[in-house]
Undergrad: 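Please see the structure below; I have some questions.
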Amino acid sequence: MIEFMQNASAHQVTWGYRIKPVYRILSSEKYLNDFFEKGSLFISCFKNFKNYKDEMQGDASEGDAMVGGFTEKGDGNFIVYEGGVNAFVLCATNILTEEVIKDFNGLGAIKINNPTLFGMEVARKLPFVSSGIEGDCIYDDSKAHIFEEEKNKAFQTINFKNPVEIQQKILQLTTGIEVFTKYKKYEHQQEHRLLWFSERSIESGIVINCPEAIEYCEKILF
């Protein structure tokens, strides 16, 4: 709960928010038991997603994005880049439907009742992690983002010969939208994604033991 002053008077207002659970679908009862017995959990990465052969479980375009805009003369400036290369990722869903369960060959799920506190506990077990974020995925027909007005003006001032400036400015302008953007064919999955950003590039997933996260979860068997 957050408490704040409504105005100059002494009247105090308490503001809260409703925490919604998300579901991590698993294809093995053993994986479920391993988590609830000792906190064993596999945390993936975008590079893994790109290599999955199953179209509904993987996505060769994960993290890929194109951003840009048009100059006053009408010339287009665009940058194609790959986001999330330093992110550990756990994918969950907001809903449990027969279609989603089938997509992931689900035999059960971890119901994460408080994703934020769960994510903070997991962060303590991952190497070189300095920040994290969670949110629902955005579904679109394209992964191209065209800046307009003020954002476009800021984009056009970038020194495109300076890789460090490009990276910093793009992150400021996009706020990391590329790590949540997926094509519309995945919209039925209603994905909620947790990401932990490492100081190093992530080449593969990792199995962690995080018993501290168990208290925020419930076991579901289908």
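Keep in mind it's a predicted model, so treat the numbers as computed, not measured. Atoms considered below: every heavy atom in the structure, side chains included; atoms not considered: hydrogens, waters and symmetry mates. The chain is numbered in sequence order, starting from 1.
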Undergrad: Ignoring hydrogens, what is the shortest heavy-atom contact between Gly205 and Cys45? Give both atom names and the distance.
TA: N-SG, 3.9 Å
Undergrad: Go through the side-chain N and O atoms of Asn33 and Lys219 and say whether any donor and acceptor fall under 3.5 Å apart.
TA: yes
Undergrad: Measuring from atom CD1 of Ile43 to atom CD1 of Ile206, what distance do you get when rounded to the nearest 0.5 angstrom?
TA: 9.0 Å
Undergrad: Taking only Lys NZ, Arg NE, NH1 and NH2, and the carboxylate oxygens of Asp or Glu, determine whether Glu99 and Lys102 approach each other closer than 4.0 Å.
TA: no
Undergrad: On a heavy-atom basis, which atom in Ile146 and which in Gly69 lie closest, and how many Å separate them?
TA: CG2-CA, 4.3 Å
Undergrad: Quick check, are the ring centers of Phe70 and Phe78 under 6.0 angstrom apart?
TA: yes
Undergrad: Which heavy atom of Phe46 sits nearest a heavy atom of Gly83, and at what distance?
TA: CD1-O, 3.4 Å
Undergrad: Rounded to the nearest 0.5 Å, what's the gap from CG on Leu32 to CG on Leu26? Could you check?
TA: 5.0 Å
Undergrad: Is it true that Val67 and Ile158 fall in one hydrophobic cluster, defined by side-chain heavy atoms closer than 4.5 Å?
TA: yes
Undergrad: Could Glu62 and Arg193 be called an ion pair, given the rule that one side-chain N must be under 4.0 Å from one carboxylate O?
TA: yes
Undergrad: Side-chain heavy atoms under 4.5 angstrom apart, residues restricted to Ile, Leu, Val, Met, Phe, Trp, Tyr: same cluster for Ile202 and Leu194?
TA: yes
Undergrad: Around atom CD of Glu165, are there more than 12 heavy atoms from other residues, nucleotides or ligands closer than 6.0 Å?
TA: yes
Undergrad: What's the verdict on salt bridge (Lys or Arg N to Asp or Glu O under 4.0 Å) for Lys182 and Glu187, showing C-alpha distance, side-chain angles and the deciding distance?
TA: CA-CA 8 Å; Lys182 294 180 68 69; Glu187 190 168 11; over 6 Å; no
Undergrad: Could you tell me whether Lys143 sits above the aromatic face of Tyr183, with NZ or CZ closer than 6.0 angstrom to the six-membered ring centre and within 45 degrees of the axis?
TA: yes
Undergrad: To check you understand the geometry: which heavy-atom pair defines the closest contact between Ala87 and Leu195, and what is its length?
TA: CB-CD2, 4.1 Å
Undergrad: Check whether any side-chain heavy atom of Pro21 sits under 4.5 Å from a side-chain heavy atom of Asn94, and report yes or no.
TA: no
Undergrad: Taking the side chain as every heavy atom from C-beta outward, state whether Glu134 and Thr116 have any pair of such atoms under 4.5 Å apart.
TA: yes
Undergrad: Checking side chain to side chain contact (heavy atoms under 4.5 Å, CB included) for the pair Leu126/Phe197: CA distance, chi angles, key distance, verdict?
TA: CA-CA 9 Å; Leu126 293 170; Phe197 296 104; over 6 Å; no
Undergrad: Provide the closest heavy-atom pair for Ala109 versus Tyr23 in the form atom of the first, atom of the second, distance.
TA: CB-CB, 4.5 Å
Undergrad: What verdict does the side chain to side chain contact (heavy atoms under 4.5 Å, CB included) test give for Met66 and Val80, after you've listed the backbone C-alpha separation in whole Å, the side-chain angles of each residue and the deciding distance to 0.1 Å?
TA: CA-CA 4 Å; Met66 182 175 74; Val80 176; 3.8 Å; yes
Undergrad: Measure the spacing between CG of Leu90 and OG of Ser44 and express it to the nearest 0.5 Å.
TA: 8.5 Å
Undergrad: Starting from Leu173, can I reach Ile177 by hopping between I/L/V/M/F/W/Y residues whose side chains sit under 4.5 Å apart?
TA: no
Undergrad: Shared ILVMFWY cluster between Val89 and Phe180, side chains joined below 4.5 angstrom?
TA: yes
Undergrad: In terms of heavy-atom contacts, does CD of Glu37 have more than 12 from other residues, nucleotides or ligands at under 6.0 Å?
TA: yes
Undergrad: May I have the step-by-step check of salt bridge (Lys or Arg N to Asp or Glu O under 4.0 Å) for Asp64 and Lys50, ending in yes or no?
TA: CA-CA 10 Å; Asp64 293 348; Lys50 291 175 179 288; 3.1 Å; yes
Undergrad: Can you check side-chain hydrogen bond (donor to acceptor under 3.5 Å, both in side chains) on Gln156 and Asn77, steps first, answer last?
TA: CA-CA 8 Å; Gln156 300 302 336; Asn77 286 329; 2.8 Å; yes
Undergrad: Cation over ring, Lys151 on Phe147, under 6.0 Å and within 45°?
TA: no
Undergrad: Does anything in residues 194-209 pair up under side-chain hydrogen bond (donor to acceptor under 3.5 Å, both in side chains), and if so which pairs, sequence neighbours excluded?
TA: Lys47-Glu203
Undergrad: If you apply the rule side chain to side chain contact (heavy atoms under 4.5 Å, CB included), what do you find for Glu178 with Tyr81, and how did you get there?
TA: CA-CA 9 Å; Glu178 69 279 353; Tyr81 68 101; 2.9 Å; yes
Undergrad: Using a cut-off of 6.0 Å, state whether more than 12 heavy atoms not belonging to Lys184 lie near its atom NZ.
TA: yes
Undergrad: If you group Ile, Leu, Val, Met, Phe, Trp and Tyr by side-chain heavy-atom gaps below 4.5 Å, do Phe104 and Phe222 land in one group?
TA: yes
Undergrad: Taking atom CD1 of Ile25 and atom CG of Leu96, what is their separation to the nearest 0.5 Å?
TA: 5.5 Å
Undergrad: Report yes if some heavy atom in the side chain of Cys210 is under 4.5 Å from a heavy atom in the side chain of Phe118; otherwise report no.
TA: no
Undergrad: Working to the nearest 0.5 angstrom, can you tell me the gap between Ile110 CD1 and Phe35 CZ?
TA: 4.5 Å
Undergrad: If we only count heavy atoms from C-beta on, is the Tyr216 to Glu121 side-chain gap below 4.5 Å?
TA: yes
Undergrad: Do Phe36 and Ile214 touch side chain to side chain, with heavy atoms closer than 4.5 Å?
TA: yes
Undergrad: Mind running side chain to side chain contact (heavy atoms under 4.5 Å, CB included) on Phe155 and Lys169 for me, showing each step along the way?
TA: CA-CA 7 Å; Phe155 177 78; Lys169 289 293 182 64; over 6 Å; no
Undergrad: When you compare the side chains of Glu218 and Asn113, does any donor N or O come within less than 3.5 Å of an acceptor on the partner?
TA: yes
Undergrad: Please round to the nearest 0.5 Å and tell me the distance separating atom CD1 of Ile95 and atom CD of Gln189.
TA: 9.5 Å
Undergrad: So, for Leu107 and Ser27, which heavy atoms are closest and what is the spacing to 0.1 Å?
TA: CD1-O, 3.2 Å
